[in-house]
Novice: 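Encoded as structure tokens, here's the structure I'll be asking about.
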Protein chains: 2
Amino acid sequence: MLQELKEAYGFIFEEELLKEIEHTGVLKFAREGEIIMDINDYISSMPLLLEGAIKILREDKEGNELLLYFLERGDTCALTLSCCLGQTKSEVRAVAERDTRFIMIPVSKIEEWTAKYKSWRNFVFESYHSRLTEMLETIDTLAFMNMDKRLLRYLQDKAKINQSEELQVTHQQVAYDLNTSRVVVSRLLKKLEMEGKILLQRNSIVVHEL
Amino acid sequence: MLQELKEAYGFIFEEELLKEIEHTGVLKFAREGEIIMDINDYISSMPLLLEGAIKILREDKEGNELLLYFLERGDTCALTLSCCLGQTKSEVRAVAERDTRFIMIPVSKIEEWTAKYKSWRNFVFESYHSRLTEMLETIDTLAFMNMDKRLLRYLQDKAKINQSEELQVTHQQVAYDLNTSRVVVSRLLKKLEMEGKILLQRNSIVVHEL
DNA sequence: CATTTGCAGTAACAAAAGTTACAGTTTTTT
DNA sequence: AAAAAACTGTAACTTTTGTTACTGCAAATG
């Protein structure tokens, strides 16, 4: 585990903290599609991503979903952090976007390290900053962009996070993430294909403009 | 200043910290409508609200605006905090919703107190939590609600923050906050009036359901 | 191999939101 | 007092998004 830890966090944390993480953290693994954390779950530990990617979703009372953002190696979820420290339930759902490896850190250590290590404090604040920024970007897309732009942006983000131009998704899955309908997605995808920005295949979308 | 400080923050901060705040903080005053902090401003201090209310806005490249949330007594802006600590430019605009009194705390002290006072650490984390929660609510309204619901919710929030059922606003001002057009606002306001939820007058809207 | 299921394409229509234009007020300015 | 500016209401129309329904095709299943 130490080797993997160093690759993802060696540049931010000092040797001693890495050792502590290795010692107290619990290594976990989630298969693609697995729900790592759900809405209303009580959270008592936070994840440090080693490999893979996680998508964070919001849901309303009717069960409509919306993708908030992706997490990748070196990230943690500030919303989870916030839940941990405030002893509240999770406001979001975390789903493995790909097969994912991560380390879970218990709340007690989070607080302890905040007092003990400056690098950890910085990491925590940095995480809050990143997540706030990503939430702002999400708000931007919702408030200022039409569905066609949102869709293209989504495809580009997803391609980046999966490190592949070819996305193995159905139109329905895309529709869920964007909280719209399958028909709307099919329609706009066709338009994007006409414009030469993507290529449509059965169960897969190839994104050209990255 | 101490008296005012105690009223707003006496229950959260210990005596010693209150004294430090009184000593290093700079008391400021902003008239209704005044821009307290703008997009791309470099931020080196964070505000603690004593009296009044501030609205936080987002803007895109075309100049379209969107209200994110309100701050009131006892609040601080986690986005500002985040900017301070990360030495980055402001991502949002802060405008005095009413005449407002607040204390500005320089970055150096923010960091110093984070190490020194547990109550301050809690306050900082609590602020992050509140702001993340409010951003999530903003996202909910954008992603899951139609304009009529968003409008009613906006009016209720605004009435609450201004501690008055009667809002002195024009339809155009409402339209700016919700990033829609004046005509749409007028149309939906009329519908809300028909449903008995509000009363329309020139330059003012009376909100019944709170 | 026949059947069922899941996926994509598209038409036709409905609802929500945005746009343009103009009229009738009230308020402010000159 | 007359003119200009600001505010609201509304009609008519467009664009965007959502919904329903049906088709054809591919993949999975028995």
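Keep in mind it's a predicted model, so treat the numbers as computed, not measured. Excluded from the calculations below are hydrogen atoms, water molecules and symmetry mates; all remaining heavy atoms, backbone and side chain alike, are included.
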Novice: Without decimals, in angstroms, what is the distance between B/Gln168 CD and D/dT8 P?
Specialist: 11 Å
Novice: How long is the line joining CG of B/Leu142 and C1' of C/dA17, in whole Å?
Specialist: 14 Å
Novice: D/dT8 C1' sits how many Å from B/Gln173 CD, rounded?
Specialist: 14 Å
Novice: Between the protein and nucleotides 8-11 of chain C, are there any N/O to N/O pairs under 3.5 Å, and if so, what are the atom names and distances?
Specialist:
| unit_1 | atom_1 | unit_2 | atom_2 | d |
| --- | --- | --- | --- | --- |
| C/dA8 | OP1 | A/Asn203 | N | 3.2 |
| C/dA8 | OP2 | A/His171 | N | 2.9 |
| C/dG9 | OP1 | A/Lys190 | NZ | 3.2 |
| C/dG9 | N7 | A/Arg182 | NH1 | 2.9 |
| C/dG9 | O6 | A/Arg182 | NH2 | 2.9 |

Novice: Can you tell if the side chain of A/Leu188 reaches within under 4.5 Å of the side chain of A/His171, non-hydrogen atoms only?
Specialist: no
Novice: Hey, does the side chain of B/Thr180 come within less than 4.0 Å of C/dG18's phosphate (OP1/OP2), counting only N and O?
Specialist: yes
Novice: What's the shortest heavy-atom distance between B/Phe125 and A/Val124, and which atoms?
Specialist: CE2-CG1, 3.8 Å
Novice: Please walk me through it: do A/Asp75 and A/Arg131 pass side-chain contact (heavy atoms from CB on, under 4.5 Å)?
Specialist: CA-CA 10 Å; A/Asp75 283 339; A/Arg131 245 36 73 194; 3.6 Å; yes
Novice: Run A/Glu34 and A/Lys28 through salt bridge (Lys or Arg N to Asp or Glu O under 4.0 Å) and show every step you take.
Specialist: CA-CA 12 Å; A/Glu34 194 176 315; A/Lys28 295 245 180 178; over 6 Å; no
Novice: Think B/Asn146 has a side-chain N or O under 4.0 angstrom from the OP1 or OP2 of C/dA15?
Specialist: no
Novice: Rounded to the nearest Å, what distance is computed from the OH atom of residue A/Tyr176 to the C1' atom of nucleotide C/dC7?
Specialist: 13 Å
Novice: Rounded to the nearest angstrom, tell me the gap between atom CE in A/Met147 and atom P in C/dA15.
Specialist: 19 Å
Novice: Applying side chain to side chain contact (heavy atoms under 4.5 Å, CB included), can you list everything that pairs with A/Thr170, at least two apart in sequence or on another chain?
Specialist: A/Gln172, A/Gln173, A/Asn203
Novice: After noting the C-alpha distance and the side-chain angles of A/Glu193 and A/Ile205, does the key distance pass the side-chain contact (heavy atoms from CB on, under 4.5 Å) rule?
Specialist: CA-CA 10 Å; A/Glu193 190 179 40; A/Ile205 302 168; over 6 Å; no
Novice: Could you check how far CG of B/Leu178 sits from P of C/dG18, rounded to whole Å?
Specialist: 10 Å
Novice: If you take any heavy atom closer than 4.0 Å to DNA chain C, which residues from residues 59-68 of chain A end up in contact?
Specialist: none
Novice: What is the distance from CE of B/Met145 to C1' of C/dA17, rounded to the nearest Å?
Specialist: 16 Å
Novice: Write down the distance between CZ (B/Phe144) and P (C/dA16), rounded to a whole number of angstrom.
Specialist: 18 Å
Novice: Quick check on side chain to side chain contact (heavy atoms under 4.5 Å, CB included): which of A/Ile21, A/Leu49, A/Val26 does A/Ile103 satisfy it with?
Specialist: A/Ile21
Novice: Under the criterion side-chain contact (heavy atoms from CB on, under 4.5 Å), I'd like the reasoning laid out for A/Asp157 against A/Tyr69: C-alpha separation, chi angles, the key distance, then a yes or no.
Specialist: CA-CA 9 Å; A/Asp157 282 356; A/Tyr69 49 79; over 6 Å; no
Novice: Under a 4.0 Å threshold between the charged nitrogen and the carboxylate oxygen, would B/Glu137 count as salt-bridged to B/Arg153?
Specialist: yes
